[in-house]
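Whatever order the structure lists them in is the order used to number ligands and atoms, beginning at 1.
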Amino acid sequence: MNRTFRIETFGCQMNVGDSELIRLSMVKNGFMEAANPGDADICIYNTCSVRDNAEKRVLAKISTAKGIGVAKKRLIVVAGCMAQRLGEELLKKKVASIVIGPYQSPRLGEILSEFIKNKKNRLFISQENENFAERLTPELLENRDVEPWHKWVTITHGCENFCAYCIVPYVRGKLISFPSERILKFIQELADSGVIEVTLLGQNVNQYGQDAGDIPFHKLLAKTASIKGLKKINFMTSHPMDFNEETIHVINDNPNISRGIHLPMQSGSDRILKAMNRKYTTAHYFSIIEKIDKIIPDYAVSTDLITGFPGETTEEFNETLEAVKRIKFDEAFMFSYSPRMGTPSYSMKETISEKEKAARLHELISVQREISLEKLIKRVNNREIVIAEKVSKKSGTEVAGKTFLNHPVVFSGDINDIGRETIVEISEVRGSTLFGRKII
Ligand code: SAH
Ligand code: SF4
Ligand code: F3S
């Protein structure tokens with residue numbers, strides 16, 4: 001069989017990072033990325049399990065790909081979180097020939113070579129391999145074709161917080177922090193080879209080092225910021241339970257750390273937060289925002305919110321609305337509660353209908369949309385530092401990127417603007433995007 005492949009990535013940035021590892025291990029093992037994705041011999045789906053619709057979407061894509069591939073026998077590989085959750089079931093239902101959990105991402109090329117050599121029919125490999133050394137591989141430095149100026153750097157794998165609704169601890173396993181020395185050496189090498197922006201990734205970056213007795217997150221962040229050549233450092237996700245004042249000071253003291261802080265609140269009701277096992281109160285959340293406000297002159301806060309958690313009353317939902325109005329998030333990612341089998345909240349009784357859940361979500365979205373717009377309008381006439389990420393497909397004469405507060409921005413430009421720092425004067429807001437003109 002020919003050995004061309006394509007990777008489709010779903011879910012969060014952890015998966016984006018893992019897909020880079022998959023690509024690297026495929027290339028190392030002699031596979032080639034298909035020039036035209038529709039022609040690939042091997043289709044790899046790096047999947048997400050966080051909500052039911054995330055799984056449904058990928059299952060639908062796979063069945064379409066199989067339909068298209070009937071003339072030419074395709075090998076379907078399901079990797080990532082849904083692979084871990086459903087495992088053998090995906091083989092039994094003949095969804096895929098190979099199913100591998102997230103730990104195995106850096107080994108997929110080897111696993112596939114063996115699989116093809118041994119002419120196996122079906123294979124499921126879970127996350128029994130806990131060797132993390134391969135994950136910060138120096139070869140990643142060479143694989144810089146996607147965004148040569150930017151790199152996702154996973155600093156922890158897994159999560160042990162067991163929020164009541166969340167599947168992640170079950171599919172990603174326990175918290176494992178990479179040694180800080182290796183992370184910093186890796187980022188130094190990235191910077192030496194021209195990378196100007198990095199994003200430190202973990203499900204709760206503020207827990208970094210706790211499992212291994214390594215330096216705490218704010219020290220890792222400060223050391224990263226002191227690496228010469230880095231112009232923008234992002235990090236996600238922060239958890240209100242562990243986000244501390246030291247981190248706020250490190251952000252303020254280092255102009256190359258992004259001022260866009262992602263701090264998921266999930267709910268504005270203390271009773272719901274407790275039922276979610278989030279381990280903080282709304283008062284604590286507000287106190288963090290007040291500290292940020294006192295210490296950092298210009299910043300943005302984004303969040304995640306869930307509507308319709310089991311037992312959420314109208315009053316409790318209204319508390320979320322009130323909290324959103326009080327804090328005025330720059331952006332919020334809002335979700336309707338999706339029960340995940342195996343999580344503690346799966347057995348909690350849902351008290352509202354799907355329709356009502358969706359209605360709450362829509363109400364929340366419309367309140368937040370107004371606030372986001374208000375926040376964007378405040379940026380008009382400002383000069384913002386922007387790293388452009390892509391040329392607009394529609395016009396070809398505009399580029400899109402993010403400001404230092406992580407607001408989306410579009411300005412006139414071309415391929416030469418991509419991946420470098422630009423000063424943009426903001427002139428207007430259209431939809432949920434800032435528009436401006438390049439100054440330098
Ligand atoms: N580690 C991050 C979140 C990772 S999952 C944190 O602790 O904030 C991303 C978001 O998906 C969560 O913040 C939550 O808002 C949402 N989410 C997770 N499980 C969900 C579920 N079962 N139903 C609806 N939304 C969910
Ligand atoms: Fe899930 Fe909670 Fe861990 Fe985030 S902190 S990944 S929401 S269990
Ligand atoms: Fe989804 Fe796994 Fe990320 S479940 S949100 S891809 S950690």
Which atoms of ligand 3 are found less than 4.0 Å from any heavy atom of [X]?
X: C48; value: 1 (Fe), 4 (S), 5 (S), 6 (S)
X: N15; value: 6 (S)
X: Q203; value: 7 (S)

Pick one of side chain, backbone, both or neither for how [X] approaches ligand 2, counting any non-hydrogen atom pair under 4.0 Å.
X: P169; value: side chain
X: F162; value: backbone
X: V168; value: side chain

Could you check which of Q203, Q13, K357 puts a non-hydrogen atom nearest to atom 3 (C) of ligand 1? Q203

Selection from R278, M236, H262 by shortest heavy-atom distance to atom 6 (C) of ligand 1: R278

Does C159 bring an N, O or S atom to under 2.8 Å of atom 3 (Fe) of ligand 2? yes

Please identify which atoms of ligand 1 are closer than 4.0 Å to at least one heavy atom of Y337. 23 (N), 24 (C)

Which atoms of ligand 1 are found less than 4.0 Å from any heavy atom of D304? 9 (C), 10 (C), 12 (C), 13 (O), 15 (O)

Got an N, O or S from C81 under 2.8 Å of atom 2 (Fe) of ligand 3? yes

Take every heavy atom of G80, measure it against each atom of ligand 3, and state whether any distance is under 4.0 Å. no

Heavy-atom gap Q13 to ligand 3 smaller than 4.0 Å: no

Quick check on R278 - does any of its heavy atoms sit under 4.0 Å from an atom of ligand 2? yes

Would one find an N, O or S atom of C166, in either backbone or side chain, under 2.8 Å from atom 1 (Fe) of ligand 2? yes

Atom 7 (S) of ligand 2 has as its nearest protein heavy atom Y165 OH, 3.4 Å

Is it true that a side-chain atom of N256 and a backbone atom of A225 form a donor plus acceptor pair closer than 3.5 Å? yes

